[in-house]
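Just so we're on the same page: letters track the sequence lines, and every chain starts at 1. This one's a predicted model, so the numbers in the text were calculated from it and none came from an experiment.
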Amino acid sequence: MKKVALKSGALLLSLALAASTAHAADPAFPKAPSGNVTLEVWSWVPGLDKTVAAFTKQYPNISVKILNLGGGPQTYTKLTTAIKAGSGAPDVAQVEYGFLPAFADTGGIVDLSKYGANDYKKYFVPWTWGQVSPDGQGVYAIPQDTGPFAMVYRQDILKKYGVAVPKTWDEYAKAAAAVNAKSKGAVKLGNFYSTFAPWFMALAWADGGQFFKRDGDGWVQTLNNSSSKKVLNYWYSMIKKGDVSTVIAFSADYWNAAGAGKIATNMEAAWGPGGYAGSLKDKSAGLWRVAPIPQWTAGGKVASGNWGGSSNVVTTQSKNPEAATLFALWLNLSTPAITANWNNGGLFPASDAGLGLSALDDKSKNPSKFFGGQNISAVYAQASRGVNVNFQWAPWFPFVNDNFNKQMDKMLKGQLTPDQALDAWQAESLAEAKKGGFTVK
Amino acid sequence: MRNRATPWFFLAPFLIAFTAFFLAPVGYAFYLSLFIKKRSGFGPAKDVFGGLANYARAFTDSDFLHSLLNILLFLVIQVPLMLVVATALALILDGVKNGFAQRFFRTAFYLPYTVPSVIAGLLWGYLYSKNLSPLNYITGAKTDFLASGILLWSIGNIVTWTWTGYNMITLYAALQNVPTDLYEAARIDGASGWDVTRYIKIPLLRPALTLTAIFSVIGTMQIFSEPFVLRPLGYVPDNITPNTYLYLAVARDGNFGYGATLAIVLALFTFILSGFFLKNVRGES
């Protein structure tokens with residue numbers, strides 16, 4: 001059984017290689033340094049050790065030690081501490097886009113433009129490069145995976161309540177009211193993630209919302225921008241009417257509700273479907289589908305935002321920054337690596353050629369299999385092409401991220417209107433940034 | 001000469017350990033607390049000497065003061081409640097004549113303490129889950145145990161669940177040391193079971209109660225993992241306890257100076273509170 005899987009994997013890999021060489025060859029990577037080099041890599045990508053085996057085959061003098069720290073806040077704490085302590089940091093580490101400026105701020109990560117990283121800009125999906133190189137000069141990381149937004153939905157439930165897949169937010173609101181009424185409140189069309197600022201920000205991002213911008217020597221922060229207000233007021237009115245639920249994302253409650261058919265749609269990043277396939281494999285498999293997120297105006301180009309996704313930084317403690325840069329580029333641009341990253345870890349590539357990777361379209365495997373054999377990657381690839389390029393994060397984003405939860409809690413309790421909640425989010429985050437010594441308006 | 005050196009020789013292991021694991025970290029924390037973040041334009045932030053600026057900020061930081069208030073609430077409600085229950089359990093166990101029942105309940109009461117607090121937090125996190133909570137299922141209510149109004153009580157419940165058995169064991173051990181001739185004498189004088197408890201057992205428990213109370217005061221100051229593991233399950237304020245707040249200052253906001261300041265202020269606060277407590281207990285006896 002295992003052998004068969006391995007064989008078919010190898011077959012797919014060679015097919016993928018053949019297919020990708022047909023439309024885009026792997027870029028020429030920087031020259032490997034001579035002599036023996038050991039790199040330590042902190043990452044939460046499952047199965048990265050297998051990918052690395054392919055790397056060491058190609059570069060036998062570079063050995064790579066993988067440490068899987070599981071991701072999440074603890075990983076960042078460990079990295080922050082190692083940077084502060086001046087020792088113990090790895091050569092390469094995985095960092096989400098939103099948290100990248102905070103690490104650039106510590107001075108512990110290398111500007112990779114020194115090692116020619118700018119030459120590789122053209123190989124990445126344009127908006128991802130904006131995430132790692134906010135000023136178009138310094139390059140603070142190599143983009144790894146992305147989380148463009150699409151809508152997952154339960155085909156059977158929409159059919160049951162006679163609702164078409166909503167293409168605009170207007171249709172979505174009407175469908176939400178219809179499902180709520182017809183199911184007598186038992187089924188909600190959607191869910192608002194009140195404890196995930198990046199989820200909300202991705203929806204505003206899709207509308208062109210900007211939260212942070214560099215301005216000369218300082219920053220401008222606009223958490224209460226017009227897109228932000230539009231999106232929050234829109235969702236709040238549905239929450240108030242009871243048309244959508246507010247179950248905490250990734251909680252036992254959430255998976256239970258989604259599996260039991262109590263939530264019919266959700267806006268999910270490209271890494272989301274893997275979670276659905278994993279968490280709901282015994283419940284509702286084959287009933288889900290993916291469609292582009294609803295748009296504010298009908299008929300135009302599909303606009304989307306991004307939630308999560310990550311990049312690889314090289315730390316200033318690395319003794320071999322050139323080899324580390326080479327590894328980060330290879331890991332995120334070479335066909336065998338991005339194929340393995342997708343197959344083993346469900347990483348939706350940031351590489352431009354990666355969006356056309358044939359492995360993404362394999363309908364016989366999860367997550368596509370869970371989604372009834374639909375080619376869901378095509379929907380996500382389209383979403384990735386529709387992500388606004390000019391989106392930036394600020395070094396104090398970790399605080400902003402947590403403060404969002406506080407304001408949403410007050411809003412859901414009826415203590416603040418959506419506008420007031422966003423204004424408080426803006427005011428408290430601004431005060432905190434100033435206390436931290438930032439020049440920010 | 002030799003005589004003078006001898007005590008130092010024997011003290012050396014302690015002094016070395018004390019310096020390495022207590023004085024040095026405290027000294028380093030104090031050193032860190034004198035620095036503030038300075039940023040000019042873009043690029044890495046610099047830590048510059050700020051004197052006592054961090055301390056001035058700490059004493060006017062309403063979030064930090066609020067976290068101390070939460071802890072005081074804990075001290076007034078959770079600690080006494082836990083110690084009363086622990087005492088009651090210890091007295092009951094002491095009174096039970098059946099050896100098997102005694103051993104069974106002693107282990108059962110102690111068991112929660114053997115569960116690491118992170119695991120306890122996760123376990124209770126499931127039990128608190130709004131739509132899946134067995135308590136909600138039985139009562140048919142839709143209580144959100146993680147809503148900000150009752151969150152502190154939910155955390156108090158986890159702490160009580162974990163530590164009551166631990167304190168009970170200490171108190172129970174103290175009861176085992178009560179000389180049995182005291183009971184005999186009391187019985188000859190015609191004392192009832194309640195009289196024995198009231199006039200012999202409880203007064204003799206006083207030193208053990210002081211000890212468990214002091215440990216509980218210090219432990220309460222350090223509450224961290226319970227609220228921290230509940231964070232992904234709902235909205236848990238940054239400043240629910242002083243430790244979560246100072247952890248976030250360091251780990252999330254990268255402000256080591258301010259985090260160190262908060263740690264020192266918290267340590268002083270703990271020191272003063274436990275000193276105050278000890279003095280008053282001693283004064284009574």
Subject >> B:P232, part contacting chain A, at a heavy-atom distance under 4.5 Å >> reply: backbone
Original post:
Which residues, numbered in order, of residues 218-229 of chain B come under 4.5 angstrom of chain A by heavy-atom distance?
Top reply: none
Original post:
In terms of heavy-atom proximity below 4.5 Å to chain A, should B:N255 be classed as side chain, backbone, both, or neither?
Top reply: neither
Original post:
From A:E432 CD over to B:D63 CG, what is the distance, rounded to the nearest 0.5 angstrom?
Top reply: 8.5 Å
**OP:** Can you tell which part of B:Y247 gets under 4.5 Å to a heavy atom of chain A, answering side chain, backbone, both or neither?
**Re:** side chain
**OP:** Evaluate side chain to side chain contact (heavy atoms under 4.5 Å, CB included) for B:N239 paired with A:K406, printing each intermediate quantity in order.
**Re:** CA-CA 11 Å; B:N239 59 350; A:K406 178 178 171 185; over 6 Å; no
Subject >> Interatomic spacing from OG in A:S251 to CG in B:L132 - rounded to 0.5 Å >> reply: 8.0 Å
Subject >> A:D253 versus B:S129, closest heavy-atom pair with distance >> reply: OD1-OG, 2.6 Å
Original post:
Once you round to the nearest 0.5 Å, how far does OH of A:Y76 lie from CZ of B:R252?
Top reply: 14.5 Å
Original post:
Quick check: are there more than 12 heavy atoms from other residues, nucleotides or ligands sitting under 6.0 Å from NZ of A:K283?
Top reply: yes
Subject >> Interchain contact, A:K413 with chain B, by part (heavy-atom threshold 4.5 Å) >> reply: side chain
**OP:** Examine whether an atom of A:T195 lies under 4.5 Å from a heavy atom of chain B, and if so say whether it belongs to the side chain, the backbone or both; otherwise answer neither.
**Re:** side chain
Original post:
When only pairs under 4.5 Å are counted, which of A:K78, A:M408, A:K435, A:Q74 shares the most heavy-atom pairs with chain B?
Top reply: A:K435
**OP:** Determine the minimum heavy-atom distance between B:D253 and A:F399, stating which atoms define it.
**Re:** OD1-CB, 3.7 Å
**OP:** Could you look at B:I36 and say if it's the side chain, the backbone, both or neither that has a heavy atom under 4.5 Å from chain A?
**Re:** neither
Original post:
For chain A, which residues from residues 147-161 of chain B have at least one heavy atom closer than 4.5 Å to it?
Top reply: B:S148
Original post:
Highest number of heavy-atom pairs under 4.5 Å with chain A: which of B:K37, B:R57, B:K130?
Top reply: B:R57
Original post:
Just wondering, are more than 12 heavy atoms of other shown residues or ligands nearer than 6.0 Å to CZ in B:F276?
Top reply: no
Original post:
Any salt bridge between A:D402 and B:R231, counting N to O under 4.0 Å?
Top reply: yes
Original post:
For B:F215, does the CZ atom have more than 12 heavy-atom neighbours from other residues, nucleotides or ligands under 6.0 Å away?
Top reply: no
**OP:** Please list, chain by chain and in numerical order, all residues satisfying ring pair (Phe, Tyr, Trp, His ring centres under 6.0 Å) with A:F397, sequence neighbours excluded.
**Re:** A:F99, A:W393
Subject >> Contacting region of A:A252 [heavy-atom separation from chain B under 4.5 Å] >> reply: both
**OP:** Kindly write out the residues that satisfy side-chain hydrogen bond (donor to acceptor under 3.5 Å, both in side chains) with B:S67, not counting sequence neighbours, or none if the list is empty.
**Re:** none
Subject >> Residue selection (most heavy-atom pairs with chain B, distance under 4.5 Å) from A:N401, A:I248, A:T80 >> reply: A:I248
